[in-house]
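Remarks on the structure that follows.
The chains referred to below are lettered A, B, ... by the order of the sequence lines, with proteins before strands, and numbering in each begins at 1.
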2 protein chains.
Amino acid sequence: MSPRSSDGPSGGSSRGSRASGRPTLAELARIAGVSPITASRALRGVASVDPDLARRVREAAAALNYVANPAARTLASAHSDAVAVLIPSLSNLLFIDTLEAIHDVLMPRGLEVLIGNFHYSPEEEEKLVRNYLAYQPRGILLTGLEQTPATRSLLKASGIPVVYMMELSREAGLHCVGFSQEESGAAVARHLLARGRRHLAYVAAQLDPRALERGLGFQRVLAAEREVRPPVWLSVPEPSSVALGGELFVRLLEAYPDIDGIFFCNDDLAQGAIFEATRRQVPIPGRVAVVGFNDLPLSAHMAPRLTSIRTPRAKVGEAAARRLVALMEGDCRAEPAIDLGFELVERESS
Amino acid sequence: MSPRSSDGPSGGSSRGSRASGRPTLAELARIAGVSPITASRALRGVASVDPDLARRVREAAAALNYVANPAARTLASAHSDAVAVLIPSLSNLLFIDTLEAIHDVLMPRGLEVLIGNFHYSPEEEEKLVRNYLAYQPRGILLTGLEQTPATRSLLKASGIPVVYMMELSREAGLHCVGFSQEESGAAVARHLLARGRRHLAYVAAQLDPRALERGLGFQRVLAAEREVRPPVWLSVPEPSSVALGGELFVRLLEAYPDIDGIFFCNDDLAQGAIFEATRRQVPIPGRVAVVGFNDLPLSAHMAPRLTSIRTPRAKVGEAAARRLVALMEGDCRAEPAIDLGFELVERESS
DNA sequence: CTGAAAGCGCTTACAG
DNA sequence: CTGAAAGCGCTTACAG
């Protein structure tokens with residue numbers, strides 16, 4: 001029988017009205033017959049505690065259903081067990097895969113994951129960082145390298161470990177996990193050239209820094225080819241969607257009827273283009289080749305199947321979380337930049 | 001100039017080594033020339049504080065870049081500013097839409113959102129609840145009604161407001177926001193009957209309680225029709241995916257060549273079926289009608305466009321969060337159950 | 001290996 | 001409308 005069942009949920013008469021109603025470390029310690037400090041140490045598995053005492057503490061904790069009060073722990077130790085993760089969008093499957101991988105690394109280690117969505121806005125990101133810093137997290141995971149100067153200095157002043165995801169930086173001491181966005185764009189250009197395409201276009205919506213880099217890599221390769229026309233660049237500010245992909249596809253082909261290869265900045269747009277082409281009976285890849293980016297689950301199954309760049313988004317999350325844990329444990333000898341590469345998956349659409 | 005720039009990030013000599021290095025309420029109060037309690041009240045906007053003093057406090061806070069320590073606040077007040085949200089899956093777009101809507105309601109009110117993924121396991125859900133309860137959240141948002149008895153009693157003992165999402169319950173005093181899963185399945189059955197279909201099937205993967213209810217509603221309507229064969233029920237335990245939808249579609253038609261209408265428990269499966277049908281040149285809806293569930297963004301754009309049940313998932317999140325806020329503020333007079341309905345969107349596939 | 005004392009930075013409850 | 005005192009439940013730093 002736990003003391004709770006006899007005391008009632010609102011606590012015994014010895015507890016003040018501000019008590020949380022849950023067992024405290026002091027109660028646990030009393031039941032285990034040790035001091036609170038020893039109980040604390042036993043529960044955290046730190047320092048040297050007599051194995052026998054530690055067992056008694058663990059047993060009492062199990063009997064009481066004791067869970068330490070994280071607020072008290074954070075206040076006393078000046079750091080929480082949280083890790084803040086900032087991503088630019090929740091509705092993009094890309095980041096969900098990354099998030100799940102992060103969860104899988106951090107949760108088993110008893111770390112709480114605080115998720116912040118900054119909607120592709122560095123200013124919003126700054127606000128979130130300011131707010132999360134108050135929680136004294138053990139580490140922070142950031143997406144991209146486009147932070148405001150204030151965000152960077154806030155982070156530096158805090159001394160909290162930070163790992164940047166999705167892009168590679170050469171800045172000294174910056175821990176980052178990702179792949180070369182620029183190179184992936186270049187790979188698509190080379191692929192379309194190898195397929196005999198000469199009249200190319202890059203199509204993007206809501207151009208974020210990474211999509212921009214991909215476009216630049218695409219342009220770079222094409223510019224090096226003397227007998228190839230510079231690519232058409234179609235970029236609109238609206239958020240990306242399947243519907244928009246169809247519209248942009250139609251607009252592009254109306255304006256440039258001889259286009260024979262399109263690199264869409266993501267799979268959503270490319271999928272929309274393929275649906276629209278199917279509906280209008282525009283042969284793909286016969287009339288025009290289509291390449292996407294991210295290799296979403298659906299892309300391998302549509303008709304025609306979509307050629308795309310497979311990004312290591314789950315691996316990025318996992319590696320970034322692991323690196324963060326290493327940094328939290330004071331282990332920072334490894335190479336700061338981790339390049340996980342990408343893969344061009346050639347399918348029917350190109 | 002903030003005191004920080006002269007003191008340095010690790011704090012002045014008056015601060016002990018355990019100090020967090022950030023300005024405290026006491027410092028803020030000293031600068032504003034008031035007592036800490038008054039500063040606290042001014043910042044929280046509670047009780048009656050002289051407007052002039054309040055302004056001084058706010059100015060000092062802005063100058064210092066003061067953000068209250070949430071751990072101290074939680075410890076002192078016995079409740080945090082967090083709301084825990086438990087969802088069965090992160091990789092399902094359905095719940096992402098709900099989450100975003102929840103965020104949009106809660107964040108502007110200064111509430112932190114803790115996201116827990118219980119992977120469709122009530123046991124895991126129980127662990128998460130136990131853990132999140134330690135954080136003393138202001139409220140909890142749950143998905144579905146399949147909690148373990150321990151979860152229910154944990155929740156009841158905590159006294160923390162809870163709102164259940166996605167399903168409707170008649171249990172007295174249970175606040176829930178959703179729609180009738182059973183009715184939505186019935187609506188699909190009626191739709192297919194109206195389209196002249198007589199040989200029907202229900203196909204599901206990783207049957208969760210809600211998909212089960214939909215199947216039962218589907219069966220109920222068909223059972224009432226004397227001249228209609230009872231539907232085929234194909235359910236597999238694997239997680240749902242586009243690829244699996246294609247496989248199940250093929251398996252089903254091989255086993256039952258005369259099937260002329262299929263209700264898939266979600267759009268992912270239905271989309272996979274349509275892709276596979278296109279590839280095998282099985283006419284849809286000519287040979288077989290296909291209906292999905294959820295109306296994912298892509299469903300309106302594929303070829304043929306997918307008939308589906310549009311679920312109010314964002315609205316569920318918004319209404320649930322609003323109801324939770326009302327409960328947190330002690331306002332619980334409203335009807336506990338909120339039925340947001342659903343809509344059958346008839347498109348080309350049926 | 002163990003513990004008594006102090007303190008983390010706030011808010012509550014009580015006085016005035 | 002304002003404040004001095006006490007305390008939330010832990011961990012740190014020191015001593016033994």
Side-chain angles (χ1 to χ4, degrees), chain A residues 10-11 14-57 61 64 66-81 110 133-136 138, chain B residues 10-11 14-57 61 64 66-81 110 133-136 138:
Chain A
S10 51
S14 64
R15 293 201 200 100
S17 56
R18 288 175 62 191
S20 64
R22 298 168 46 239
T24 67
L25 183 66
E27 289 167 345
L28 171 68
R30 192 170 36 73
I31 288 168
V34 300
S35 73
I37 309 92
T38 299
S40 167
R41 286 198 271 246
L43 255 22
R44 281 176 296 149
V46 301
S48 35
V49 175
D50 183 271
D52 218 53
L53 291 188
R55 191 182 41 70
R56 262 159 57 194
V57 170
L64 273 172
Y66 174 78
V67 181
N69 182 325
R73 194 167 253 187
T74 298
L75 187 57
S77 68
H79 65 79
S80 70
D81 282 330
L133 246 20
Y135 286 85
Q136 302 178 125
R138 298 279 303 274
Chain B
S10 50
S14 63
R15 293 199 199 100
S17 56
R18 287 173 64 190
S20 64
R22 297 169 46 240
T24 67
L25 184 66
E27 289 166 344
L28 171 69
R30 190 169 39 74
I31 287 169
V34 300
S35 73
I37 310 94
T38 299
S40 168
R41 286 198 270 246
L43 256 22
R44 281 176 296 149
V46 300
S48 35
V49 174
D50 181 271
D52 218 52
L53 290 189
R55 190 181 41 71
R56 263 158 57 194
V57 170
L64 273 172
Y66 173 79
V67 182
N69 183 325
R73 192 167 255 186
T74 299
L75 186 57
S77 68
H79 66 80
S80 69
D81 283 329
L133 247 21
Y135 285 85
Q136 303 179 126
R138 298 278 302 273

Which of D:dG9, C:dC10, C:dT11 is nearest the side chain of B:Ala72? It is C:dC10
To the nearest Å, how far apart are B:Glu27 CD and C:dC10 C1'? 13 Å
Per atom distances to the A:Ala76 side chain, the nearest of C:dG7, C:dT2, C:dC10 is C:dG7
Roughly, in whole Å, what's the span from CG in A:Leu75 to P in C:dA6? 18 Å
Using atom CG of B:Asn69 as one end and atom P of C:dT11 as the other, report the distance to the nearest whole Å. 10 Å
Would you say B:Arg44 places a side-chain N or O within less than 4.0 Å of OP1 or OP2 belonging to C:dT11? yes
Looking only at side-chain N and O atoms, does A:Tyr66 come under 4.0 Å of OP1 or OP2 in D:dC10? yes
Between N or O atoms, less than 3.5 Å apart, protein on one side and nucleotides 3-5 of chain D on the other: list the pairs.
{"from": "D:dG3", "atom 1": "OP2", "to": "B:Ser35", "atom 2": "N", "distance (Å)": "3.3"}
{"from": "D:dG3", "atom 1": "OP2", "to": "B:Ser35", "atom 2": "OG", "distance (Å)": "2.9"}
{"from": "D:dG3", "atom 1": "OP2", "to": "B:Thr38", "atom 2": "OG1", "distance (Å)": "2.7"}
{"from": "D:dG3", "atom 1": "N7", "to": "B:Arg41", "atom 2": "NH2", "distance (Å)": "2.7"}
{"from": "D:dG3", "atom 1": "O6", "to": "B:Arg41", "atom 2": "NH1", "distance (Å)": "3.4"}
{"from": "D:dG3", "atom 1": "O6", "to": "B:Arg41", "atom 2": "NH2", "distance (Å)": "3.4"}

Rounded to the nearest angstrom, tell me the gap between atom CG in A:Asp81 and atom C1' in D:dC10. 12 Å
Grab the CZ-P distance between B:Arg22 and C:dC8 for me, whole Å please. 14 Å
Nearest nucleotide by nearest heavy atom, which residue falls closer to the 5' end of DNA chain D, A:Ala71 or A:His79? A:Ala71
How many whole angstroms separate atom CG of A:Leu25 from atom C1' of C:dG7? 16 Å
Shortest non-hydrogen contact between B:Arg73 and B:Arg44, atoms and distance: NH2-CG, 3.6 Å
Rounding to an integer number of Å, can you tell me how far A:Arg138 CZ sits from D:dT11 C1'? 14 Å
Map every base of DNA chain C to its dot-bracket character, where paired means a Watson-Crick or G-U wobble contact with both distances under 3.5 Å and | marks a partner outside the strand. |||.||||||||.|||
What's the CG-C1' distance between A:Leu28 and D:dT11, to the nearest Å? 15 Å
